Amino acid sequence: MSEKLIYVTDSFLKSFKEEFKTEYSPLYQNRDKQAIVDIFGKPGVIMKSEIDFRPIELRLLPEEGENDDTWKIDFENAVSLWESLRIAPSIALNEKMWVALENTYYLDYTLDQLKTIQDSTKPDSRIIFTYNAKRSVAINSLSLLWWSVYYTVDEECESDPYHLTKFFFKYVRRSTKMLWLSSNIISSKNVALGILEGIQELVMSGKITGGRYAFTNSNKLINQFGGVRLVDILDREEIKKIVIDNLLGMAYTELKKV
């Protein structure tokens with residue numbers, strides 16, 4: 001059933017962020033769901049927009065925590081969220097929307113994801129934006145799902161538009177997703193898809209195993225080419241070819257052991 005997309009008010013967000021460390025962070029550390037529900041249920045906190053969206057249920061981590069199949073859960077959640085929330089990228093950078101969604105419809109998911117933080121006393125950047133918008137949406141538990149699909153969905157492939165998305169979630173850990181997506185090089189889907197296709201071809205041919213070095217060095221590689229030619233004027237195939245032809249020459253030893 002379709003509902004109206006929600007957001008928190010400017011005044012609430014301001015006070016929420018100013019008082020987060022002292023007043024609100026302990027609620028997330030202690031997984032105090034009811035207290036959070038009460039806060040976001042107060043009058044004047046949540047507003048409705050004119051944008052339609054379809055709330056869905058996100059899967060939680062298995063009881064034993066992260067395991068080899070966790071990427072499948074993340075992949076399914078990401079695709080489900082993307083399909084339910086078809087919004088413009090400018091809207092998807094809006095902190096007010098993500099704070100509202102993660103503390104209402106997706107509060108169970110938000111609290112469950114905090115189990116993956118090594119330092120459980122620091123949930124700040126998973127809940128509020130503590131950096132610029134581009135980096136913050138790559139760190140926030142909920143928005144990371146949406147943006148992971150935005151930059152990897154191949155809408156030119158009618159048979160399986162999520163084939164690169166699936167590859168991305170299978171071979172890339174959360175920390176690498178954050179670094180890759182928040183990079184200034186990943187500014188257009190054209191660049192992102194070209195890099196992904198190049199890495200995928202190298203992985204599928206057994207030349208590399210993927211992982212952090214494949215993605216961070218691909219960004220460095222494209223950035224080097226962008227110093228001579230504007231990256232945005234390169235088409236997807238050109239980006240892919242640059243990665244395939246040059247990535248193995250960058251930190252080859254490290255790429256093989258990741």
Side-chain angles (χ1 to χ4, degrees), residues 59 61-62 65-79 81-82 113 116-118 134-135 137-141 143-157 159-226 231 234-258:
R59 292 179 59 189
L61 293 172
E66 293 183 285
N67 56 43
D68 292 341
D69 290 327
T70 298
W71 75 266
K72 295 179 183 178
I73 296 174
D74 292 340
F75 168 70
E76 292 173 5
N77 281 339
V79 171
L81 183 64
W82 163 260
Q113 284 293 301
T116 66
I117 301 178
Q118 291 184 345
K134 183 175 176 62
R135 186 176 181 187
V137 294
I139 298 175
N140 179 278
S141 295
S143 59
L144 175 59
L145 294 177
W146 193 94
W147 282 97
S148 291
V149 179
Y150 173 78
Y151 278 115
T152 62
V153 61
D154 184 2
E155 293 170 310
E156 294 180 6
C157 181
S159 60
D160 184 9
Y162 301 115
H163 68 106
L164 290 173
T165 307
K166 183 177 292 185
F167 170 80
F168 187 59
F169 275 88
K170 183 175 182 179
Y171 286 90
V172 183
R173 294 184 177 182
R174 175 187 167 85
S175 60
T176 303
K177 288 188 182 76
M178 289 163 43
L179 287 173
W180 193 68
L181 292 172
S182 61
S183 168
N184 289 331
I185 285 296
I186 307 302
S187 58
S188 73
K189 295 185 67 170
N190 179 59
V191 172
L193 292 174
I195 290 175
L196 270 173
E197 286 185 318
I199 294 175
Q200 183 186 51
E201 184 163 318
L202 291 172
V203 170
M204 293 300 102
S205 63
K207 294 179 180 178
I208 62 174
T209 56
R212 178 186 292 266
Y213 284 99
F215 283 85
T216 56
N217 281 326
S218 289
N219 280 12
K220 292 177 184 177
L221 181 61
I222 299 304
N223 188 48
Q224 290 172 4
F225 274 80
V231 172
L234 298 175
D235 63 31
R236 183 168 154 183
E237 282 300 315
E238 288 177 304
I239 297 286
K240 176 182 176 180
K241 189 174 188 304
I242 290 172
V243 172
I244 292 173
D245 291 347
N246 298 278
L247 184 58
L248 288 178
M250 298 182 67
Y252 177 79
T253 302
E254 293 177 305
L255 282 168
K256 289 295 289 184
K257 68 184 182 183
V258 172

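Just so it is clear, the model here is predicted, and its values are computed rather than measured.
- When each of Val172, Leu196, Leu181 is checked for a side-chain contact (heavy atoms from CB on, under 4.5 Å) with Thr152, only Leu196 meets the rule.
- Around NZ of Lys166, the count of heavy atoms belonging to other residues, nucleotides or ligands within 6.0 Å does not exceed 12.
- Tyr150 and Trp146 have parallel rings, their planes meeting at less than 30° on a 0 to 90° scale where 60° marks the start of perpendicular.
- Annotation: side chain of Ile208 is in contact with side chain of Ile199 (closest heavy-atom distance under 4.5 Å).
- Heavy atoms from other residues, nucleotides or ligands lying under 6.0 Å from NZ of Lys241 number 12 at most.
- Across all their heavy atoms, Ser141 and Gln113 have their closest contact at OG-CB, 3.6 Å.
- Side-chain atoms of Arg59 never come within 3.5 Å of backbone atoms of Asp74 as a donor-acceptor pair (strictly under, hydrogens ignored).
- At least one side-chain heavy atom of Val203 sits under 4.5 Å from a side-chain heavy atom of Phe167.
- Taking the side chain as every heavy atom from C-beta outward, Phe169 and Lys177 approach each other to under 4.5 Å.
- Using a 4.5 Å heavy-atom cutoff, the side chains of Glu201 and Lys207 are not in contact.
- Between Trp180 and Tyr151, the distance from one ring center to the other does not fall under 6.0 angstrom.
- Between the CD1 atom in Ile139 and the NZ atom in Lys134 there is a gap of 12.0 Å [rounded to 0.5 Å].
- Residues Ala192 and Ile186 come closest through the heavy atom pair CB-CG2, 4.0 Å.
- Counting heavy atoms from C-beta outward, Ile242 and Leu234 have side chains that approach closer than 4.5 Å.
- Using a 4.5 Å cut-off on side-chain heavy atoms (C-beta onward), Ile195 and Ile185 make contact.
- To the nearest 0.5 angstrom, Asn217 atom CG is 11.5 Å from Asn246 atom CG.
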